[in-house]
Structure formats: structure tokens, C-alpha cells
Number of protein chains: 2
Amino acid sequence: MVSLSRSTAYGVLVLAALDPQGQEYRAAADVSAEANIPRPYLSKILARLQEAGLLEGKRGRDGGLRLAREAHRISLLDVVHAIDGEDWADQCLLGLPGCSGSCPCPVHAFWSGIKPRIEEVLQTTSIDRVRDFTDAGWKMTASGD
Amino acid sequence: MVSLSRSTAYGVLVLAALDPQGQEYRAAADVSAEANIPRPYLSKILARLQEAGLLEGKRGRDGGLRLAREAHRISLLDVVHAIDGEDWADQCLLGLPGCSGSCPCPVHAFWSGIKPRIEEVLQTTSIDRVRDFTDAGWKMTASGD
DNA sequence: CTCTAAAATGACCCCGGGGTCAACTTTATT
DNA sequence: AATAAAGTTGACCCCGGGGTCATTTTAGAG
């Protein structure tokens, strides 16, 4: 299957559910409910987002989650890097070990052209774009297709 | 990680290792050695390739494997379908359940544009293109990058 | 008919991603 | 200090993809 990990998708939804200004805290339980993410699993994702400096968690009473910077300054690529890792697209499409720039497989050249375009879209699409989207009534459900 | 499955990559290598005319049989053990594919695992891949009508296996003495049709008439997309399945790219890049054409996520439009291009490249790249490539001295190794 | 070289088959193991649980730590309030 | 509300942490389970093994089936040759 050609797609990013589910965790990354969750990460995007989580960030999109927070105050785009990065000011107010919002309860994790709240986010969990809204984005339809299993609550305990959410924490794992939060950990990675915090490691990557995209998110701040405040413990204790009146604590919660908030963006580390404004939503329009966080890109989807930031999230991909934080969760799927920096090497999310190191391999070419066929993923043949031994395939590289110096020794390209038949689809390598094509992939070398496509990959930067995908990366660019992820780079230039920010979290608040997703926010607009979820605000428009979209809901993450199991049977969407 | 954004890539096709390893099995699909193996499938491509296997087909590329056979007689492009689809005439002569070649021993599976032979293919296994050349393509650096664990021999027992090879059989699983063979099964799917045969189901999909891309490959013929002949048992017994002097048996072996051969293409069901000429190499230039087998595309990478055929292999992807045979092994990863028809739905290898049903989901959009983020893979959000609930994201669809009628209710697109923010990267959906972009992905709808890219996906056909990927499919087209896979469709128009045939097995013998890969053959040329492996013949040129490329070898599947664990530490290629 | 039997021996043997080949592919095919089914059961099994391993590991990482996704998901769950129960404890723990922090901190504002009283 | 005690408490309650919050996030955090580590251990655990489940499942599918990748990979291995032993066995079975097939077909040519003597």
C-alpha cells in the first residue's frame, strides 16, 4: 500500500484540533474524542510530536495541549518527519535494496521526479489548512470510503 | 514509509530473471539465487504471480518457471496488482479513513493528480525494461544505499 | 514401476505498527 | 499537606507482512 502511516494521519488531526494561535491549552481527552483517536494511543503520538518540538503538553490541573507555534507555521511534512521519521521517502517506489541514485532501478528516475513534488505539497500544506477542512464538518470515521 | 511492498519488488525481479520470450523454463532455485530472494519465500510470490496469469510453473524433472507472455507485455502495474492487490492505491496519501472523492482531505486533490501519473509509469514500464537494468550488472544486495 | 529432480503447499516463526491498560507524575486548588 | 485534574510512562496484546521449514505433488528417465 502506498501511503503514510496511520500514526502520521492521527498526528495531523491532533494538531489540527488545537488552538491555531498556540495560546490556549486544550485537554487531551477532548482532542481524543473529537479526532476519534483511541485515547491511550494518543499519548504515544503526542510524545513524538513533542520531541519534534511541534507541541507542548502541560501537566496538572488546567493543563492540556497546545501548538508550539502558530498552525500556519507547521507543515504536514513536519508531522511526517516527526512521526514517520526523516527517512519516510528514502527508498524509491519499488524499495529495492541496492537501488540508489548511483545505481538506479528502472522506476528510480521517475520516482526521483515525483518525490520532491510530494514533499513540496506536504511542505507547503500547513496544519491550519487541515483545520479549515475539519471545521467544515469532516469527521474521521471507520467507514468513510 | 511510502513505497510498494517488498514482495512486489521481489515479484518484479523474478519476472525479470526469466526468458523474455516466455519460451524456456528456468529453475526456481536458479532465480532465487540470482535475485537474492529467500528460496522458500519465493514460492509464495510465485503463487500470486501464477494466479494473476503472469507466470507458468512446470513441475517435475526439467521443470521450471517461465513467463506466461512476452516480457514487454507485462507491466510493473500488472505485478503490483498481482501481489499488492488492486487496491494498492485506493487511499490517499494520508490514508485518513473518511477521506474520499466526495469528502476530500486537504492533500486529496493533490494525490488524485499524482496517483494516475504513478500508475501510468508503472503501466508503461514493462518487465523487460527491468531486465535491461539487471542485465547491466545491478545486483540486489542488503546494503545498497 | 520406480527413482529422482523439480515445483507447490501448509504450518510455523519473527518483528514492527497499531492499539490497550494500569500505574505514575505533575500541578492548581483548598 | 491533601486532593483532584490533567498529561506521561512502561508493559502488554493483536495482527499482518516477511521469512523459514518439512512435506507433498508432479513429471521425466531408466
Side-chain angles (χ1 to χ4, degrees), chain A residues 1-11 13-14 17-18 24-33 35-51 55-68 80 82-85 87-88 91 94-97 140 142, chain B residues 1-11 13-14 17-18 24-33 35-51 55-68 80 82-85 87-88 91 94-97 140 142:
Chain A
M1 184 69 65
V2 179
S3 78
L4 297 169
S5 75
R6 175 166 290 241
S7 292
T8 296
Y10 280 156
L13 292 180
V14 168
L18 301 178
E24 296 174 18
Y25 286 100
R26 186 170 183 200
D30 220 7
V31 174
S32 163
N36 243 32
I37 304 175
R39 180 127 58 109
Y41 181 48
L42 177 61
S43 290
K44 280 193 184 175
I45 296 164
L46 296 178
R48 300 214 211 163
L49 293 176
Q50 289 186 74
E51 254 179 76
L55 186 89
E56 290 171 358
K58 183 179 165 193
R59 297 174 126 161
R61 224 192 125 123
D62 297 333
L65 310 169
R66 73 175 182 188
L67 300 180
V80 171
I83 297 183
D84 261 12
D87 61 341
W88 68 282
Q91 302 191 325
L94 279 179
L96 296 171
M140 174 135 167
Chain B
M1 182 69 66
V2 179
S3 77
L4 297 170
S5 75
R6 174 165 291 238
S7 293
T8 295
Y10 281 155
L13 292 180
V14 168
L18 301 179
E24 297 175 17
Y25 286 100
R26 187 172 184 199
D30 220 8
V31 175
S32 161
N36 244 34
I37 305 175
R39 179 129 58 110
Y41 180 47
L42 177 61
S43 292
K44 281 193 184 176
I45 295 164
L46 296 179
R48 300 214 210 165
L49 292 176
Q50 289 186 73
E51 254 179 78
L55 187 88
E56 288 172 359
K58 184 179 165 192
R59 297 173 124 160
R61 218 192 132 128
D62 296 334
L65 310 168
R66 73 174 182 189
L67 300 181
V80 171
I83 298 184
D84 262 11
D87 60 341
W88 68 282
Q91 301 190 325
L94 279 178
L96 296 171
M140 175 134 167

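Since the structure is predicted, the reported quantities are computational estimates derived from the model, not experimental observations. Just so we're on the same page: letters track the sequence lines, and every chain starts at 1.
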**Message:** Checking contacts here: which listed nucleotide (C/dT9, C/dG18, D/dA6) is nearest the side-chain heavy atoms of A/Ser5?
**Reply:** C/dG18
**Fill in**
B/Leu4 atom CG is separated from D/dG18 atom P, nearest whole Å, by 11 Å
**Prompt:** Think A/Gln50 has a side-chain N or O under 4.0 angstrom from the OP1 or OP2 of D/dG7?
**Reply:** no
**Request:** In whole angstrom, give the distance that lies between atom CD1 of A/Ile83 and atom C1' of C/dG17.
**Result:** 13 Å
**Request:** With rounding to the nearest 0.5 Å, note down the distance linking CG in A/Leu13 to CG in A/Leu18.
**Result:** 11.0 Å
**Asked** Counting distance only, does the side-chain N/O of A/Arg48 pair as donor-acceptor with the main-chain N or O of A/Ile83 below 3.5 Å?
**Response** yes
**Item:** d(CD1, B/Ile45; C1', C/dA7) in whole Å
**Value:** 15 Å
**Prompt:** Rounded to the Å, how far apart are B/Leu55 CG and C/dA7 P?
**Reply:** 11 Å
**Asked** Is any side-chain heavy atom of A/Leu49 closer than 4.5 Å to a side-chain heavy atom of A/Leu65?
**Response** no
**Complete:** In terms of heavy-atom contacts, A/Leu46 and A/Val14 come closest through CD2-CG1, 4.0 Å
Between protein and nucleotides 19-23 of chain C, what N or O pairs are separated by less than 3.5 Å?
residue, atom, partner, partner atom, Å
C/dG19, OP2, A/Tyr10, OH, 3.3
C/dG19, N7, A/Lys44, NZ, 3.3
C/dG19, O6, A/Lys44, NZ, 2.4

**Request:** Please report the closest heavy-atom contact between A/Tyr10 and A/Pro38, naming both atoms and the distance.
**Result:** OH-CD, 4.0 Å
**Request:** Under 4.0 Å between any heavy atoms, over every strand shown, what does B/Ala27 touch: base, sugar-phosphate, or nothing? Just pick one.
**Result:** sugar-phosphate
**Message:** Whole angstroms only, please: what is the CG-P distance between B/Leu49 and C/dT9?
**Reply:** 13 Å
**Item:** Closest heavy-atom pair and its distance - B/Ser32, B/Ile37
**Value:** OG-O, 2.8 Å
**Prompt:** Can you tell me how far CD of A/Glu24 sits from CZ of A/Arg66, rounded to the nearest 0.5 angstrom?
**Reply:** 10.0 Å
**Fill in**
Each nucleotide of nucleotides 25-30 of chain D classed B (base within 4.0 Å of a protein heavy atom), S (only sugar-phosphate) or -, in 5' to 3' order, makes BBSSS-
**Request:** Nearest whole angstrom, please: distance from the C1' of D/dG7 to the CG of A/Leu18.
**Result:** 13 Å
**Request:** Compare every heavy atom of A/Ile45 with every heavy atom of A/Gly11, then report the nearest pair and how far apart it is.
**Result:** CA-CG2, 3.9 Å
**Asked** B/Glu51 CD to C/dA8 P: how many Å, rounded?
**Response** 12 Å
**Prompt:** Between C/dA6 atom C1' and B/Arg66 atom CZ, what is the distance in whole Å?
**Reply:** 16 Å
**Request:** Identify the two heavy atoms, one from B/Gln50 and one from B/Glu56, that lie closest to each other, and give their separation to 0.1 Å.
**Result:** OE1-C, 4.3 Å
